[in-house]
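Only this structure's heavy atoms are used, side chains among them; waters, hydrogens and symmetry mates stay out.
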Amino acid sequence: MKRVTDRLDRWSLDPVAVTGVSGTRLLLGFVGLMYYVSQYQERNYLFGPDGVLPHDEFRAQLTGFSLYALSASPVFFQVVYHLGIAVALAVTLGVGGRPGLALHWVLLWSVYQRQPGLLDGGDNLAYVVIPFLLLTRCYDRFALPTGLASRLAERAPGRLRAVSVPLHNLGVLMVAAQICLVYVVSGLYKVMGEEWQDGTALFYIMRVDEFELPGWSSLVYENDFLVVLGTYGTVAFLVYFPMGVLVPALRRWAAAASIGFHLSIAFFMGLTGFALTMIACDLVFLSGALDRALLWARARLSRARTTDAEPVEPAKPAEDAGARGPSGTKEAAPEAELV
């Protein structure tokens, strides 16, 4: 019971995976920005009221909500579309806080609903994960300092500040659970497929014209060993990924393998938005590694600045060398990882 109570105390007092979830926010903002910019030249044809899907037909088949359904005015369309670009850029840069992130979710949902034929599957995960991020302190890292968040936090009631850490940890846990659920369901669904059972699924997938990368895909699907290894390896990885992240010693390796897996999907199949969305969620499992990488980079940068600014002096005995970093200044310990 003491171990349980200690764990509960830690989760109520110490925010976990702040750097990782901040990276998730940054990447999801970038994915939205990339979507807007990549379709910018053809925005009128793809999303406009007089484009390939006229406004009346769009409203007739819309099952959810979309801001683009509110008006058939070309001016209204241009305002909403360019507002989406601005908000996605703000989320990427870490400006606007939770209200900006919530607005990004609404605008992203709206543009995705406007033209579903362009979606690659990453939109489904973004729909679910962004509301979870609203609970977290995902603007604590990788964000431009404006000072507004700290001023608002000082004015917030004490009870609200007291629950901010548990809500953050709950949001992180929900993101982690969601990505694990995606992997398990995807893996179990593949297990039921005949091509996945006989080891030939990768051969057929990489020969689809929509996903084939000329000059590269053939190097894989013409090699029987790579086809069988890739097919069975994919199923095993997807099904057992949650077990990997539950073991602290394996967590970073499972997340790194997932990132490599989705980078290969982005390269060979062209599903860049989907791959980056999945990688964004994987970052919650790599928060400790990101913290150590940032500390190392800051120490190297500080050492370089010191060397350029001052002549090198003879080394002095360090009284507290174990508590000091390479630059001679005390370094903060990496934050708590997702546990």
Rounded to the nearest 0.5 Å, what separates atom [atom1] in [X] from atom [atom2] in [Y]?
X    : Y    : atom1 : atom2 : result
L62  : S110 : CG    : OG    : 9.0 Å
Q113 : L67  : CD    : CG    : 11.0 Å
L133 : C281 : CG    : SG    : 7.5 Å
L33  : L27  : CG    : CG    : 12.0 Å
M278 : L263 : CE    : CG    : 12.0 Å
L170 : F132 : CG    : CZ    : 9.0 Å

Handout entry: Short side-chain donor-acceptor distance under 3.5 Å, D282 and S258
Key = yes

Please check: side-chain N/O of [X] versus main-chain N/O of [Y], any donor-acceptor pairing under 3.5 Å?
X    : Y    : answer
H82  : Q78  : yes
S22  : V18  : yes
Y232 : Q197 : yes
T24  : G20  : yes
E195 : T200 : no

Practice task
Just say parallel, tilted or perpendicular for the rings of F241 and F237, cut-offs at 30° and 60°.
Solution key: perpendicular

Exercise for the section: Please work out whether the ring planes of H262 and Y183 are parallel, tilted or perpendicular, with thresholds of 30° and 60°. Expected result: tilted

For the student: nearest non-hydrogen atoms of [X] and [Y], plus distance:
X    : Y    : answer
V235 : G187 : CG1-O, 4.3 Å
R98  : T136 : NH2-O, 2.7 Å
G121 : F274 : C-CD1, 3.9 Å
T277 : G122 : CG2-O, 3.6 Å
H168 : V16  : NE2-O, 2.6 Å
V184 : V239 : CG2-O, 4.2 Å

Exercise for the section: Would you check, one step at a time, whether the test side-chain hydrogen bond (donor to acceptor under 3.5 Å, both in side chains) holds for T19 with D291? Expected result: CA-CA 7 Å; T19 302; D291 278 323; 2.6 Å; yes

Any side-chain heavy atom of [X] within less than 4.5 Å of one from [Y]?
X    : Y    : value
V106 : F65  : yes
L118 : Y112 : no
V21  : R137 : no
V31  : Y35  : no
N169 : V165 : yes
Y68  : P49  : no
V245 : C180 : yes
T92  : F142 : no

Handout entry: Test side chain to side chain contact (heavy atoms under 4.5 Å, CB included) applied to F285 and I179, step by step
Key = CA-CA 10 Å; F285 302 111; I179 193 67; 3.5 Å; yes

Answer with yes or no whether the hydrophobic clustering places [X] together with [Y]; edges join I, L, V, M, F, W, Y residues whose side-chain heavy atoms lie under 4.5 Å apart.
X    : Y    : answer
Y127 : L28  : yes
I130 : V95  : yes
M243 : V191 : yes
F76  : L108 : yes
L276 : L26  : no

Side-chain donor-acceptor contacts of residues 204-218 below 3.5 Å, not counting sequence neighbours, with atom names and distances?
residue : atom : partner : partner atom : Å
E212    : OE2  : Y221    : OH           : 3.1
S217    : OG   : L213    : N            : 2.8
S217    : OG   : L213    : O            : 3.3

Handout entry: Geometric cation-pi criterion R25 and Y139, 6.0 Å radius, 45° cone
Key = yes

Practice task
Taking the six-membered ring of Y40 (Phe, Tyr or Trp), confirm whether the NZ or CZ of R43 is under 6.0 Å from its centre and within 45° of its axis.
Solution key: yes

Inspect the surroundings of [atom1] in [X] and state if more than 12 heavy atoms from other residues, nucleotides or ligands are less than 6.0 Å away.
X    : atom1 : answer
F267 : CZ    : yes
D224 : CG    : no
F30  : CZ    : no
Y189 : OH    : no

Problem - With Q41 via side chain to side chain contact (heavy atoms under 4.5 Å, CB included) - residues at least two apart - result: none

Exercise for the section: Evaluate the side chain to side chain contact (heavy atoms under 4.5 Å, CB included) criterion for residues V182 and Q178: first the C-alpha distance (whole Å), next the side-chain angles of each, then the deciding distance (0.1 Å), finally the verdict. Expected result: CA-CA 6 Å; V182 169; Q178 179 62 41; 3.7 Å; yes

Practice task
Going by the side-chain contact (heavy atoms from CB on, under 4.5 Å) test, name the single residue among F47, F77, Y81 that passes it with R114.
Solution key: F47

